[in-house]
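Chain identifiers are assigned alphabetically (A, B, ...) following the order of the sequence lines, protein sequences preceding nucleic acid strands; residue numbering begins at 1 within each chain.
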Amino acid sequence: MAGIGIDEVRHVARLARLELSDEELHGLVGELTALLEHVDAIRQLDTSGVPATAHAIPLSNVLRDDVVGPCLERDEVLAAAPAAEEGRIVVPAILREEP
Amino acid sequence: MPEGYETVVGLEVHCELATATKLFCGCPNVFGAEPNTNICPVCLGLPGSLPVLNRRAVELAMRIGTALGCEIRPSVFHRKNYFYPDMPKDYQISQYDEPVNVNGRLELPDGSVVGIERAHIEEDTGKTTHVGATGRIHGASHSLVDYNRAGVPLVETVSAPDIRSAEQARAYVIELRGVLVATGASDGRMEEGSLRVDANISVRPTGSDILGTRCEVKNLNSLRSLVRAIEYEARRQVELLEAGGAVTQETRHWDEDAGVTHPLRSKEEAYDYRYFQEPDLVPLVPDAALLEAATAGEALLPSDRRRRIAEVFAAHGAEASAEQVLTVIELDLDQLVLDAVEVGADARLALARAANEAAARPDDARRLDPRAFADLVKMEHDGKLSATQSKTVLGALLEEGGDPADIAARLGYEALDTAELEAAVDRVIAESPDEWTRYVGGDAKVTGYFVGKVMQATKGRADGKVVSSVLAARRDEAAGR
Amino acid sequence: MSLLDAGAAAVAKAVRAGDVTAVEVIEEALARLDATEGDLHCFQTVLGDKARREAARVDEAVGEGRDPGPLAGVPIALKDNLCTHGIETTCSSRILEGWRPPYDATVVERLRGAGAVAVGKTNLDEFAMGSSTENSAFGPTHNPWDLSRVPGGSSGGSAAAVAAGVVPLAFGSDTGGSIRQPASLCGVVGIKPTYGVVSRYGLIAFASSLDQIGPFAPTVADAALALEVIGGGDPRDSTCLARPAPRLIEVLGRGVEGLRVGVLEDFVDDVSASCRRAANDAADALAAAGAKVDAVSVPEARLGLPAYYVIAPAEASSNLARYDGVRYGLRVEGPDVEAMNARTRAAGFGREVRRRIMIGTYALSAGYYDAYYGQAQRVRTLVTRAFDAAYERFDVLLSPTTPSEAFELGAKTANPIEMYLSDLCTVSSNLTGQPAISVPYALGDEGLPVGVQVMAPALGEALMVQVAAVLEQAAPAEARGPVPVGGRARGEAADGA
């Protein structure tokens, strides 16, 4: 039987970068469990030997030539950003190194 | 490395591909542009934008695979999901469990072979600058992001854990860099970030065939960092084990100034990348056109170039210094040597002058007329120039080009004839009876004294080696042999 | 009768001939928009002066003897998840409020190139996640047939705008039924093309492997014309098929003589009597028109919904990661970048979007990937194989589009799974990539329109449209929009507006 506990919900919220209230987190325990039960219909199926479909209409080798195209105007990009400085986008302190 | 332990290293080398445009869009792939000027909706990950794969990047990746003896296979792209402000989509498009190149090998100059597990295509991230007292991530008040590099094509070459020392790791990176440059895939500039190395390091008791727990060390921005970090990390792990502890599998950051590695994050913050096949891109199949482009117009690999030199030297009965061979290949001066030998220059001497004096000015050296270089080497070899004079003339030749004979004449380098040189040697012997007695008695240390005196007397026109041989002949005469 | 009610092709014909100016047509559409918007809330953004300027350019072309294109002067509405250069594009989300894309979606370019004039951006369920348009951060859209009812979703604003006669053509996106379901609930035609027939470039992604853009129109012919305009290869979308748009107008009158039609019987127990009856009547009509009609069971079709509710949220969780407060859109400040990201996303996304991001993240996470996402992708193969097998025996398949007529606003907002069941009959086409169309076919027991769905194998658009045109002829006129706001009095003819 599918199910998900509060710790897992908290973990998933962290992975998804969602700062949710305790109330919502607890609500999600029930909502996600209900959804997972619904999805159980397919979990039970024997699909051994069945390949996965990632693309409904199979294509391959869609490539473009290595030719330079237009870029955006920097001012336009920075104007859309919440904060910018010295031609760059400003973000609050980063606590972790890039993984 | 402490007694009883062996270092085991696998390297992940990220190489920026030398394409005109980024991996999935037409923005220029150039180094050093003004921040955020080479960006478009695609590489900025704007809502609604979609990636389209760069054919040239695929061809270069396949060239790398070919050069590394990989099997080139049908491949797909995945999304590697994690949040980081320099990654515009908050996922990186990368090849995961079905990469384009697998199962290759790289033979190092010392004959050792390092297995290549895979060489796959992925996109680069942007660049973050930390603002604050230290300019580092810790203690920064905020950070600034430049997305010019976001979406630049990379090939990540992952070696098998076949490397057994820091020095071998260094040799591997140099050799791989040679391959990447030879294939035209990369300019190989580590200092501009075109080449970035992560090292998976573990230790184990010598003779064991079980791999120890490894740490991945990042931020290795130079060969020097690579060597130091491996040595440090191996020592750290051995000390841990010796103290009865255990190595924790983790990612560590190399601190170049402090000369230490430190953990990047604790275990509970471990990333979960939630890989899944990129629905916006379609599979890549190595068809005839791609495979042809992957093998066309390829320059000689470093190993081929070493073989070529070895063959030419063998044909001339000369022995090549392995170190000098590596230097001339790395600096792209091997062809100069071969061309000079072709027109009659002494192989050993041509290699030495190329690897030592010419190598100091590689850009000028690559423009050198091989015939002029050959003439110079011949003049020195025939004794028309002393070694010192030859180096001076070569310096002038690198500076301004021209004919080495003219330069030598202009500098007043008329070679001494033998009689003149012997007369000078005899004069010096006569002036230094005590030293001469010691020399004849077998004290080799005074050789330098006599050579120096003769050089002084001839105003540098004598060749040190010829002086030595004349001295030896005189000594043999004095000893009555 | 106003020219607008005569449909897109008629408007374009009149404008090209110089019988009417595009400006006049656009003014009328804007006036209707103005008159109905207070009741319906179809639009997120109205493009008054911009539309007038574009219409003037169309007229200029006509005046200079240039052909402005097959949609000359046709007022259109664009779902607000289609990027429009310099015009706010929100996905009906707070997180994108105020964002002006620096580029146009490919379909937007093609429509403008064909002479169409956008009068506005339409309301949707936030990021196209929903079946009622109630998940819009900017308030729901109302069904023109009955203002207390939902128009369906997620493309509810586009469907309702066509149903209310504001525009003769609108565009939406269909990930699990988001065109066909609101088309059915609003009594208009809606097409979900074969995956890859229409470029997704500039469509703000919900679930990339399922999303497809398509048209809404009062008639099959206008919807077909619109698909001819927006379809065809696009080098900016790697998944777009490198082939010309399907030719559909030429097949409209061909009839169904000898075509093999399979009537899908797998949803019989899950749909209302009205919906069941509509599908059965449609089958009879096709048989009467000469088609070979037979019942068919594709049991795997029932696996579509659970597979969809894994795949779509999983892809969405990744597609929506970029809304992190860094580069554009909303930012809620925090002490560090992670806190800023998490606060921005919690505040900027609505409840349903947050829920789907959570389920999608879970389905892809370590330890669960294979049980959920991997399994759903394998089930996707099973569903596709089953439909492919059915298409060996049948040229097209027929089914209800929706399980019910339009429901009351608020009726299903408390129970997400009940809302998800709205997609029961439509999701399979998204999983298989195959095309499907919803055609208004009857008025149901509640007096609201009920559509039927014609499904076809990949690239079977022409056959699908051919069948739909016959159904349209057989359907009663009162089942079809446009309708006056609040619906027609019973017995009022479709053209009585």
Side-chain angles (χ1 to χ4, degrees), chain A residues 4 6-20 32 39 42 47 50-99, chain B residues 19-21 25-28 34-41 44 52-58 74 76 81-87 90 125 128-132 137-138 140-147 218-219 251 253 264-265 269 271-274 276-277 279 281-285 287 290:
Chain A
I4 178 167
I6 184 69
D7 291 342
E8 225 163 358
V9 169
R10 282 187 203 282
H11 170 68
V12 172
R14 260 197 309 272
L15 272 181
R17 289 276 164 96
L18 288 168
E19 188 179 288
L20 304 179
L32 298 192
V39 167
I42 61 164
T47 56
V50 179
T53 294
H55 294 95
I57 310 295
L59 293 173
S60 63
N61 292 2
V62 177
L63 300 164
R64 66 178 179 83
D65 291 336
D66 188 23
V67 175
V68 174
C71 295
L72 290 169
E73 286 297 321
R74 180 165 80 179
D75 291 348
E76 190 179 10
V77 172
L78 298 183
E85 161 182 323
E86 295 168 27
R88 281 167 279 203
I89 288 172
V90 179
V91 293
I94 302 171
L95 301 184
R96 298 205 267 183
E97 301 278 358
E98 181 117 31
Chain B
T19 52
T21 66
C25 65
C27 287
E34 280 293 300
N36 291 314
T37 51
N38 292 329
I39 52 175
C40 75
L44 200 54
V52 184
L53 187 56
N54 182 338
R55 174 185 294 277
R56 177 78 183 152
V58 172
V76 299
N81 293 285
Y82 65 94
F83 286 87
Y84 210 79
D86 65 13
M87 202 164 53
D90 287 304
T125 61
T128 310
T129 310
H130 305 294
V131 181
I137 193 162
H138 298 291
S141 61
H142 61 282
S143 298
L144 303 175
V145 196
D146 168 14
Y147 293 101
K218 291 181 173 278
N219 193 40
T251 304
H253 190 81
L264 210 51
R265 54 181 169 266
E269 314 177 273
Y271 281 87
D272 178 347
Y273 294 122
R274 291 161 283 136
F276 71 102
Q277 195 173 329
L281 291 170
V282 302
L284 194 55
V285 180
D287 60 19
L290 282 172

For this session: Find the distance between CD (B/E34) and CZ (A/R74) and round it off to the nearest 0.5 Å.
Result: 5.5 Å
For this session: Find the distance between CG (B/D272) and CZ (A/R14) and round it off to the nearest 0.5 Å.
Result: 12.0 Å
Exercise. Within a strict 4.5 Å, meaning less than it, do heavy atoms of the A/N61 and B/L284 side chains meet?
Worked result: yes
For this session: Considering non-hydrogen atoms only, spot the tightest contact between B/T37 and A/C71 and give its length.
Result: O-CB, 3.6 Å
For this session: Give a yes or no on this: more than 12 heavy atoms of other residues, nucleotides or ligands lie within 6.0 Å of atom CD of A/E73.
Result: no
For this session: Sort B/D86 into side chain, backbone, both or neither according to what part of it lies under 4.5 angstrom from a heavy atom of chain A.
Result: side chain
For this session: Answer whether the closest heavy-atom distance between the side chains of B/P283 and A/P58 falls below 4.5 Å.
Result: no
For this session: Please answer whether the main-chain N or O of B/N36 pairs with a side-chain N or O of A/R88 as donor and acceptor at a distance below 3.5 Å.
Result: no
For this session: Quick one: list whatever passes ring pair (Phe, Tyr, Trp, His ring centres under 6.0 Å) with B/H253, sequence neighbours left out.
Result: B/H262
For this session: Find out whether B/T21 and A/R64 are in side-chain contact, i.e. whether some heavy atom of one side chain is under 4.5 Å from a heavy atom of the other.
Result: yes
Exercise. Which bit of A/L95 is near chain B, if near means a heavy-atom gap under 4.5 Å: side chain, backbone, both or neither?
Worked result: backbone
For this session: Counting only heavy atoms closer than 4.5 Å, note whether A/E86 contacts chain B via side chain, backbone, both or neither.
Result: both
Problem set entry | chain A contact via B/Y84 - which portion, at a heavy-atom distance below 4.5 Å | side chain
Problem set entry | Region of A/V62 that comes under 4.5 Å of a non-hydrogen atom in chain B | both
For this session: Just jot down the ring pair (Phe, Tyr, Trp, His ring centres under 6.0 Å) partners of B/Y147, sequence neighbours excluded, or say none.
Result: none
Seminar exercise, completed: On a heavy-atom basis, the closest approach of B/C40 and A/P70 is CB-O, 4.1 Å
For this session: Report yes if the side chains of A/L63 and B/N54 come closer than 4.5 Å at any heavy-atom pair, otherwise no.
Result: no
For this session: Go through the atoms of B/V58 and report whether side chain, backbone, both or neither lie under 4.5 Å from a heavy atom of chain A.
Result: side chain
Exercise. With a 4.5 angstrom heavy-atom cut-off, which part of A/A56 approaches chain B: side chain, backbone, both or neither?
Worked result: neither
For this session: Look at A/D66, A/L72, A/D65 and state which one has the largest set of heavy-atom pairs under 4.5 Å with chain B.
Result: A/D66
Exercise. At a heavy-atom separation under 4.5 Å, does B/P74 approach chain A through its side chain, its backbone, both, or neither?
Worked result: neither
For this session: Using non-hydrogen atoms and a 4.5 Å limit, figure out which bit of B/L281 sits close to chain A: side chain, backbone, both or neither.
Result: backbone
Problem set entry | Greatest number of heavy atom pairs closer than 4.5 Å to chain A - which of B/V285, B/D146, B/N81 | B/V285
